[in-house]
Amino acid sequence: MTASATAPTREKAERAREDCEYVRSLLNVRQPQFAAALEAAARKLLRDHGTVCASSQRSSQPGWGLLAAAGRPTALPDGQTCELRVGPEFFYLGSDAGTLTVRRGPAPDGDAVVTMSAGTFYSLLTGQTTVTGAVRHSTVNGDTEIARRALEPLAAVLAKPAPSLTSEPAGI
């Protein structure tokens, strides 16, 4: 796929993420009890999925979990990158103006490379383990501090509500 072919796909994905966050913010304001129940059900589903995938040693879909962390605040300095390997999948974690960016594929000239199991990955996302615990159960090549900073936005991301948006979503 060419770079020009992936640009519309990235724009659609970003628009979908913005739309999702906007709907979630409206739901939190207008139907807070339903929003809380829906969020709890989604966390349980993702937590259970991670447990099943980790116990069966099958390849899971870590990209779905990383979508929840993209755009969250990060202490990772602009220009520094971390490659995250979960099973056979590779992701490029970076920072843009203090927010986490996630791209599929290996990181070019990454400052750190973190290789972790799907079980460790989902434990980090659901808050069952900390960044320190995830690093301890992973292989880190390169700068460990960069790895920690890149992983911090992932910690318990599925256990915390997404930040609400105050503007209308794109395309509506």
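Side chains of T120 and S117: a donor on one and an acceptor on the other come within 3.5 Å. Side chains of D96 and T101: a donor-acceptor N/O pair is absent below 3.5 angstrom, by distance only.
Residues V113 and V140 form no side-chain contact, since every pair of their non-hydrogen atoms from C-beta on lies 4.5 Å or further apart.
Across all their heavy atoms, S95 and T74 have their closest contact at OG-CG2, 3.6 Å. Of all heavy-atom pairs between S138 and V114, the closest is CB-CG1, 4.0 Å. Contact between F91 and G63 at its shortest, heavy atoms only, is CZ-N, 3.7 Å.
Taken from OH in Y122 to OG1 in T129, the straight-line distance is 15.5 Å, to the nearest 0.5 Å. Atom CZ in R149 sits 12.5 Å away from atom SG in C82 (nearest 0.5 Å). Atoms CD and CD, on Q80 and E145 in that order, are 10.0 Å from each other to the nearest 0.5 Å. Interatomic distance, I146 CD1 to L151 CG, rounded to the nearest 0.5 Å: 11.0 Å. Atom-to-atom distance recorded for M116:CE and T139:OG1 is 10.0 Å, nearest 0.5 angstrom.
Using a 4.5 Å cut-off between side-chain heavy atoms of Ile, Leu, Val, Met, Phe, Trp and Tyr, with links allowed through other members, L125 and F90 fall into different hydrophobic clusters.
Of the possible polar contacts, none joining the E83 side chain to the G110 backbone as a donor-acceptor pair under 3.5 Å is found. Within the 3.5 Å criterion, the main-chain N or O of D143 finds no donor-acceptor partner in the side chain of D111. The backbone N or O of P73 lies less than 3.5 Å from no partner atom in the side chain of T99, so there is not a single donor-acceptor pair.
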Verdict with reasoning, R148 to V135, per side-chain contact (heavy atoms from CB on, under 4.5 Å):
CA-CA 7 Å; R148 287 179 188 282; V135 168; 4.2 Å; yes
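Between E89 and R104 there is a salt bridge, since a side-chain N of the basic residue sits under 4.0 Å from a carboxylate O of the acidic one.
The cationic atom of R103 (NZ for Lys, CZ for Arg) lies less than 6.0 Å from the six-membered ring centre of Y92 and within 45° of the ring axis.
For the side-chain contact (heavy atoms from CB on, under 4.5 Å) with L100, the lone residue among L93, L66, V157 that qualifies is L93.
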